[in-house]
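Read the structure below first, then the notes.
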Amino acid sequence: MTAVIIDGKKIAEGIRNEVGIAVKERIAAGLSVPGLATVLVGNDPASQIYVRNKMKACDRLGIYSVSYTLPEDTDFETLKELINQLNVAPEIHGILVQLPLPPQIDEYSVLSMINPQKDVDGFHPINAGMLARKESEPWFIPCTSAGILRLIHSVQPDITGMEAVVIGRSSIVGMPTAQLLCRNNATVTICHTKTVNLAAVCRRADLLVVAAGHSKLVKGDWVKPGAIVIDVGINRVNTPDSPKGYILTGDTEFDEIVNIAKAITPVPGGVGPMTIAMLMQNTLLAASRYSA
Ligand code: NAD
């Protein structure tokens, strides 16, 4: 069996096009331009690239964006003041604080300060709580998790009753993804560094989502024939003879799994592009819900 390679770039482009059209229609109808504020603390090169890409995506879709870059030694109070201003700024519908934050700033406290109705990343405890409770619909679903579900739906529109295994229990990827799959009626197992016999658990999965941040962790013989495999990992592996001196790898042995699975996402070009597309969608959603 040769797996379908799920084309995240193409699916993300389709979503961005839809958002771009909706933004134009909104503006033509006399409504406000959706606005996103990004906040970056420090000068981590990867974070700078992520923020720049988010701003570029906004630009292309007609979404207003403003970026705040604060020095590495910024204290909590300074960041709090900025977030409080953005929380009430009428032209800003979405606020994104780029993670990770420097060690002197407590991430959870910062995320908890964002107006939950502008929390386009979906990391505020209210949004996380609403995702966890079946009685409620969260205002925002975390972008990577929402993107993962869209990729799965491109090959499997209904996941009811499927055995899903998620490797990773982080608050930004693993846990919300597991909750989202469960809300969509999959039977979900969450694995982490303390899981015993990870390979055997993975072999049960009809749907395997890998978000460990460990290059090529999942081998071909961990995968059930016909499974759908979503590789979230982005690992920079030093490779001196490559043009950039490093290559990007996922968390799975793609070349082995492609002959076993029913479908798999590549790295790059799988989950990565979806995260920004879903951020654009969440920003539009924020604008359409909370502003005239
Ligand atoms: P994290 O370090 O916060 O969490 C990793 C999780 O994986 C932890 O729960 C840990 O217990 C588990 N884990 C790690 N190694 C393991 C192992 N050997 N066996 C079992 N479990 C293991 O990372 P994160 O922020 O959740 O990100 C995970 C990966 O996804 C990273 O590579 C990150 O770069 C990538 N990521 C990609 C996107 C995207 O848009 N494509 C977005 C966010 C994160």
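Read the numbers this way: they start at 1 and go in the same order the structure lists the ligands and their atoms.
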Practice task
Give a yes or no on whether the backbone of T252 and the side-chain of D231 come within a donor-acceptor separation of less than 3.5 Å.
Solution key: yes

Handout entry: Short side-chain to backbone donor-acceptor contact, T195 and L198, under 3.5 Å
Key =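 Such a contact is absent between T195 side chain and L198 backbone.
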
Around [atom], find the nearest protein heavy atom and jot down its residue, atom name and distance.
atom	result
atom 30 (O) of ligand 1	V232 O, 3.5 Å
atom 18 (N) of ligand 1	H214 ND1, 3.5 Å
atom 27 (O) of ligand 1	V173 CG2, 4.2 Å
atom 31 (C) of ligand 1	G213 CA, 3.6 Å
atom 34 (O) of ligand 1	I234 O, 3.5 Å
atom 9 (O) of ligand 1	R169 N, 2.8 Å
atom 25 (O) of ligand 1	I172 CD1, 3.6 Å
atom 12 (C) of ligand 1	G168 CA, 3.9 Å

Exercise for the section: Can you establish whether the number of heavy atoms outside E81 located under 6.0 Å from its atom CD is more than 12? Expected result: no

Practice task
Mark yes when over 12 heavy atoms from residues, nucleotides or ligands other than K80 sit less than 6.0 Å from its NZ; otherwise mark no.
Solution key: no

Problem - Least distance between heavy atoms, D106 atom then F76 atom - result: O-CE1, 4.5 Å

Handout entry: Minimum heavy-atom distance L180-S145, with the two atoms named
Key = CD2-O, 3.4 Å

Problem - Residue pair R150 / Q281, side-chain heavy-atom distance below 4.5 Å - result: yes

Please compare [options] and report which has the shortest non-hydrogen distance to [atom].
atom	options	value
atom 5 (C) of ligand 1	P268, G147, P176, A212	A212
atom 19 (N) of ligand 1	T144, L198, V210, T177	L198
atom 26 (O) of ligand 1	S170, P142, C143, G270	S170
atom 13 (N) of ligand 1	I148, T193, I190	T193

Practice task
Say whether G174, considering both its backbone and side-chain N or O atoms, lies within less than 3.5 Å of an N or O atom on ligand 1.
Solution key: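 Checking ligand 1 against G174, no N or O pair falls under 3.5 Å apart.
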
Distance under 4.0 Å to a non-hydrogen atom of [X]: what atoms of ligand 1 satisfy this?
X	answer
G272	40 (O), 41 (N)
V271	41 (N)
I167	20 (C), 21 (N)

Practice task
Take D206 and K224 through the test salt bridge (Lys or Arg N to Asp or Glu O under 4.0 Å) and record every step on the way to the result.
Solution key: CA-CA 7 Å; D206 302 313; K224 179 174 172 180; 2.8 Å; yes

Handout entry: Location of contacts on H192 toward ligand 1, heavy atoms closer than 4.0 Å
Key =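 Both backbone and side chain.
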
Problem - Structural part of T275 in contact with ligand 1, heavy atom criterion under 4.0 angstrom - result: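 Only the side chain of T275 comes within reach of ligand 1.
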
Exercise for the section: Say whether A211 and ligand 1 are in contact under the criterion: heavy-atom distance to a ligand atom below 4.0 Å. Expected result: yes

Problem - Proximity flag T195 to ligand 1, non-hydrogen atoms under 4.0 Å - result: no

Exercise for the section: Identify the residue among I264, L208, V209, L149 that makes a side-chain contact (heavy atoms from CB on, under 4.5 Å) with I230. Expected result: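 The option that passes is V209.
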
Practice task
Identify whether the distance between the nearest side-chain nitrogen and carboxylate oxygen of R203 and E163 falls below 4.0 Å.
Solution key: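 E163 and R203: not salt-bridged.
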
Exercise for the section: Establish, from distance only, whether the side-chain atoms of R236 and T249 form a donor-acceptor pair under 3.5 Å. Expected result: no

Handout entry: R26 and S288: side chain donor to acceptor below 3.5 Å
Key =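 No.
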
